[in-house]
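For clarity, every value in this text was computed on a predicted model and none was experimentally measured. Each chain gets a letter, A, B and so on, in the order its sequence line appears, and its residues count up from 1.
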Amino acid sequence: MATKLDKYNFKEIESKWQQIWDESGLNRAADSPERDRKFYMLVMFAYPSGDIHMGHFRNYIIGDAIARQQMMKGVDVLHPFGWDAFGLPAERAAIARGIHPHDWTLENVAVSRTTLQKVGISYDWSREVTSCLPDYYKWTQWIFVQLFKNKLAYRKRGFVNWCPEDKTVLANEQVKDGKCERCGTAVIKKDQEQWYFKITAYADRLIDDLDTLPGWPENVKTMQREWIGRSYGAEIDFVIEETGEKLPVFTTRPDTIYGVTFMAIAPEAEIVDRLNLEGEFKEKVIDYQRKALARSDIERAAVTEEKDGVFTGKYAINPFNGERVQLWVADYVLAGYGTGAVMAVPAHDTRDFAFAKKYEIPIKVVIHPDANTTLDVSEMDDAFVEYGPMVNSEHFDGLAGKEAITSVTEHAQKQGIGRAKVNYKLKDWSVSRQRYWGCPIPIIHCQKCGLVAVPEDELPVLLPRVKDYIPKGRSPLADVPDFINVGCPECGGEARRDPDTMDTFVCSSWYYLRYIDPHNDSEPFSKDKAARWMPIDYYIGGITHATGHLIYFRFFHKFLQDIGWVDTPEPATRLFNHGMVMDSKGEVMSKSKGNAVSPITLTEERGVDVARLAMFFTAPSEKEVLWSDDSVTGVEKFAISRFYPLIGLYRGSNPDLKQYFKREDLNEYEWGLYIKLNQTIKKVSESFDRLQFNTAVAALMELTRDFVPDRVSNTVLNDSVILKAVQLAAPMIPHMAEEMWQQAGCKGSVLKSGWPGYDPEAVTGDEIEIAVQVNGKLRDSVMVAADADQETVEKVAFESPKVLRFTENKEIVKKIYVKGRILNIVARG
RNA sequence: GCGAAAGUGGCGGAACUGGCAGACGCGCUGGAUUUAGGAUCCAGUGCCGCAAGGCAUGGGGGUUCAAAUCCCCCCUUUCGCACCA
């Protein structure tokens with residue numbers, strides 16, 4: 001019963017199916033799935049900006065296609081969505097428009113949600129999570145308290161990254177090239193007391209467990225390893241000559257200890273204040289410190305040959321040989337790494353070499369390239385930084401490389417003047433923000449009791465609605481007496497709430513667990529449900545989060561594992577970074593550039609499924625897309641004029657889709673078509689596995705092209721081809737597929753109809769084409785039976801005149817046959 | 001500077017694990033249809049060549065019967081880290 005075909009009315013069809021899905025609860029995830037029959041598909045938490053752009057659209061439809069295919073495979077799918085709703089953008093937009101951040105954010109959430117619903121992504125909206133609402137941030141605060149109780153949230157005074165424009169502290173991960181990641185303003189150093197999370201306590205596990213994540217892209221793992229930056233070495237205790245204070249330094253090259261000719265200390269290092277500096281030296285050092293602090297990070301980070309510093313007039317003693325070395329303050333030494341001081345070995349470190357040359361500090365060679373080559377200081381124009389045998393190093397002479405390092409370190413340990421030490425570039429995560437629009441820190445400062453966590457049964461600490469939320473450089477909440485003044489939970493005395501709010505990366509570090517149990521009001525989530533749904537099977541988002549969010553959320557997960565809330569060491573087994581969407585000239589799309597193509601406009605003009613198909617087809621998911629209208633032309637034609645009309649050719653046989661055909665039941669064309677169908681199923685399935693939807697679309701185009709119903713007399717075959725094609729396309733173009741499925745009279749949703757398997761007996765034809773090469777060059781191709789052996793293939797090949805032309809009068813040296821593919825004849829003479 | 005990834009027609013891109021390079025689509029050319037344009041359909045389309053054939057996967061070398069794919073050197077692009085002692 002071929003349906004009479006109207007023009008494909010996408011508007012009607014899309015809203016019809018979206019409504020049906022909504023009513024039937026198609027996308028609603030099971031509460032407690034079986035652990036081996038579940039699939040947790042997650043896209044990264046989204047900031048509710050009100051309009052979604054092409055990049056989001058691409059991200060979400062990739063996740064959607066995966067989720068829907070899994071649903072077709074019959075597993076329980078969790079595919080949630082939510083809003084990373086606290087943070088600076090809302091606050092700035094609100095200030096600019098004079099709307100309260102709370103109202104502005106919730107309006108945007110509503111608009112964004114409606115938009116996403118219109119593009120038909122299969123989110124389970126009953127699990128929607130919004131991080132700025134108390135029922136969510138109550139548990140963000142709860143986690144803060146757990147970290148605090150476990151001594152992993154602590155306060156520390158020190159120099160922090162400060163953005164003068166946003167008037168707040170930034171985490172290391174939010175500083176790019178010395179500038180604020182958000183507004184581009186040069187970041188300065190500010191001395192402040194702050195909350196930190198002790199992520200460094202997890203540094204080893206965060207590095208080592210990367211090896212347990214084969215499903216993560218190598219580049220992300222590399223970036224994380226480098227960001228954490230573990231290096232092995234030794235800490236050696238130098239001694240300040242005058243005060244006798246120990247000055248430990250970290251070095252990865254203890255084998256150069258006898259080559260130390262000076263020490264350099266970072267200008268910010270505390271120890272500078274305890275050196276008892278005098279007279280002219282004191283003035284110069286203070287002046288230098290002031291200058292160094294005033295310099296922006298960009299200037300200081302610039303790697304120049306010009307190292308500068310000032311001599312303190314003081315000396316330190318090398319504990320290995322008792323030598324007295326000059327103590328300098330120099331800003332090439334980083335305060336935040338190691339102990340903020342370095343032992344300088346000019347002969348064997350490029351930076352120390354440049355510094356020593358400039359200030360005419362002695363250079364002492366203690367490593368030779370090898371036993372037969374010696375270094376002459378007067379002829380060196382750069383440091384020798386490789387490993388080699390130690391010289392001028394007393395009883396260590398002759399030792400080299402690893403052995404030398406171990407031996408020096410062990411000696412230091414025995415003498416009590418040093419120890420083996422591991423250092424990390426990773427610093428503790430600074431989480432206090434002096435802004436209004438964020439999750440309040442659930443801590444009370446009491447004069448008597450110190451820092452006291454807000455009791456768990458009093459959470460959440462509600463963010464008060466205030467009129468004045470404009471940042472002034474200190475937290476706006478500090479000026480809200482009703483909020484700030486509170487009784488101490490321990491002694492009942494007068495106390496003050498912490499006025500800061502949390503970095504939004506805290507909110508986004510655990511949201512994936514809330515999705516599992518979003519309405520739980522007695523716990524952050526149910527352990528049992530988490531055990532069933534975790535880990536995330538596929539996590540999709542931009543590469544930009546490689547060293548930020550993706551480290552933070554691994555850290556949180558490991559912490560939650562340690563306190564018994566989850567039972568997997570890692571939150572996500574498979575990570576995928578989709579490519580960016582650019583305009584046709586390769587420039588990033590943005591509103592300010594005016595080159596942004598809105599996915600909304602596109603879907604309104606051409607339909608959601610056509611827009612999706614165009615995005616899938618134009619490039620594989622990991623590559624960037626240069627978007628142009630031409631991307632739509634071909635697929636639109638295919639979808640509307642080729643694929644959808646297939647349903648008009650359906651003959652109503654209601655075939656059993658699990659049934660395979662036999663050779664003898666089909667005519668020659670039909671058997672060929674059947675093979676094509678099975679090849680397509682195989683190809684599309686493989687394309688999905690690799691997230692190469694472009695080739696999946698191509699395969700469907702080929703099948704459609706090769707399908708000539710006039711030549712098909714077997715009605716069941718005809719109908720099977722159509723229905724299976726609909727199934728294969730369904731994850732990519734769900735509305736159209738549902739409509740076709742229904743028009744064919746099939747019961748239920750195509751998205752629950754099963755994912756087609758291919759008939760292994762029918763992926764290769766009876767006859768196959770074998771390429772024939774002579775000396776590696778293609779000369780002809782011949783048709784042989786699919787099961788032909790080498791002898792047969794050779795026989796046929798040597799009948800080809802095209803082949804004979806190149807083999808005649810020549811000696812056949814060798815024949816290589818690759819089954820089913822190629823025959824290469826090696827001829828000589 | 002260091003590290004990683006990638007370079008294939010006019011364009012987006014195919015090519016499993018070393019086995020017919022250019023699937024699929026855009027664009028272009030010719031034809032049909034149309035008052036014209038658009039749309040649609042058919043054919044062609046890597047380069048050179050009338051053909052036979054030759055040459056082609058950033059460039060150069062190598063391994064192999066066979067290389068886009070593996071190895072070495074160089075170039076370019078993108079991304080990440082940029083004084084981490």
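Comparing A/Lys427 and A/Met223 by the nucleotide of RNA chain B whose heavy atom lies nearest to each, the residue mapping closer to the 5' end is A/Met223. Ranked by how close their nearest RNA chain B nucleotide is to the 5' end, A/Asp352 and A/Ile543 are led by A/Ile543.
One can find a donor-acceptor pair under 3.5 Å joining the base of B/C65 and the side-chain atoms of A/Asn824. Counting distance only, with no hydrogens placed and no angle test, the side-chain atoms of A/Lys307 and the base atoms of B/C83 include a donor-acceptor pair under 3.5 Å.
Rounded to a whole Å, the CD atom of A/Glu769 is 14 Å from the P atom of B/A23. Between A/Leu700 atom CG and B/G25 atom C1' the separation is 14 Å, expressed in whole Å. Atom P of nucleotide B/G19 and atom CD1 of A/Ile822 are separated by 9 Å, given to the nearest angstrom. Across the protein-nucleic acid pair, A/Met343 atom CE and B/A85 atom C1' stand 8 Å apart, rounded to whole Å. A/Leu778 places its CG atom 5 Å from the C1' atom of B/C20, with the value rounded to the nearest Å. Atom CZ in A/Phe806 sits about 11 Å away from atom P in B/A52, given to the nearest Å. Rounded to an integer number of Å, the gap from CH2 of A/Trp627 to P of B/G13 is 13 Å. Taking atom CD1 of residue A/Ile265 and atom P of nucleotide B/C83, one finds them 20 Å apart after rounding to whole Å.
The partner of B/U40 is B/A32, by the rule that a Watson-Crick or G-U pair needs both atom distances under 3.5 Å. The nucleotide B/U63 finds no pairing partner, because no Watson-Crick or G-U wobble arrangement with both distances shorter than 3.5 Å includes it. Using N1 to N3 plus N6-O4 or O6-N4 for Watson-Crick, or N1-O2 and O6-N3 for G-U wobble, each under 3.5 Å, B/G53 pairs with B/C48. Pairing for B/U76 is with B/A6, a Watson-Crick or G-U wobble pair whose two hydrogen-bonding atom distances lie under 3.5 Å. Checking B/G1 for Watson-Crick or G-U wobble geometry (two distances, each under 3.5 Å) identifies B/C81 as its partner. Under the Watson-Crick or G-U wobble criterion, with both distances below 3.5 Å, B/C16 has no partner in any strand shown.
A/Tyr332 has no side-chain polar atom (N or O) that falls below the 4.0 Å cut-off from OP1 or OP2 of B/A85.
Listed for the A/Ser393 side chain is no donor-acceptor partner under 3.5 Å among the backbone atoms of A/Met390. A donor-acceptor distance shorter than 3.5 angstrom exists from the side chain of A/Thr261 to the backbone of A/Pro362, with no hydrogens or angles considered. Distance alone, capped at 3.5 Å, places no donor-acceptor pair between the A/Asp382 side chain and the A/Thr350 backbone. With A/Thr339 contributing its side chain and A/Pro248 its backbone, the two residues share a donor-acceptor pair below 3.5 Å. A/Thr256 places a side-chain N or O within donor-acceptor distance of the main-chain N or O of A/Arg253, the cut-off being under 3.5 Å. Under a 3.5 Å cut-off, the side chain of A/Thr792 and the backbone N or O of A/Ala788 do not form any donor-acceptor pair.
Salt bridge present: A/Glu218 and A/Lys221 bring a charged side-chain N and a carboxylate O closer than 4.0 Å. In summary, A/Arg58 and A/Glu624 do not engage in a salt bridge, as defined by a charged side-chain N under 4.0 Å from a carboxylate O. A salt bridge does not link A/Asp789 with A/Lys819: every distance from a Lys NZ or Arg NE/NH1/NH2 to an Asp or Glu carboxylate oxygen is 4.0 Å or more.
Glycosidic conformation of B/G9 is syn; the angle stays within 90° of 0.
Two residues are said to be in side-chain contact when any heavy atoms from C-beta on lie closer than 4.5 Å; A/Tyr258 and A/Val345 fail this criterion.
Taking the six-membered ring where the residue is Trp, A/Phe384 and A/His348 present perpendicular rings, their angle passing 60° and hence far from 30°.
The residue A/Val818 sits close to a base: some heavy atom pair falls under 4.0 Å. The residue A/Ser781 sits apart from the nucleic acid: no heavy atom pair falls under 4.0 Å. Residue contacts for A/Arg225: at a heavy-atom cut-off of 4.0 Å it reaches no nucleic acid atom on any strand shown. If you check every strand for non-hydrogen atoms under 4.0 Å, A/Arg230 touches nothing.
Closest approach to the A/Thr695 side chain among B/C26, B/A15, B/A85 is made by B/A15 (side chain taken as heavy atoms from C-beta onward). The listed nucleotides are B/C65, B/A85, B/C83; the one nearest the side chain of A/Thr252 is B/A85.
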Would you tabulate the pairs of protein nitrogen or oxygen atoms and nucleotide nitrogen or oxygen atoms of nucleotides 41-48 of chain B closer than 3.5 angstrom?
unit_1, atom_1, unit_2, atom_2, d
B/C41, OP1, A/Arg642, NH2, 2.8

Any protein N or O atoms within reach of nucleotides 3-12 of chain B? Criterion: under 3.5 Å, listing atom names and distances.
unit_1, atom_1, unit_2, atom_2, d
B/G12, O2', A/Thr618, O, 2.4
B/G12, O2', A/Thr618, OG1, 3.4

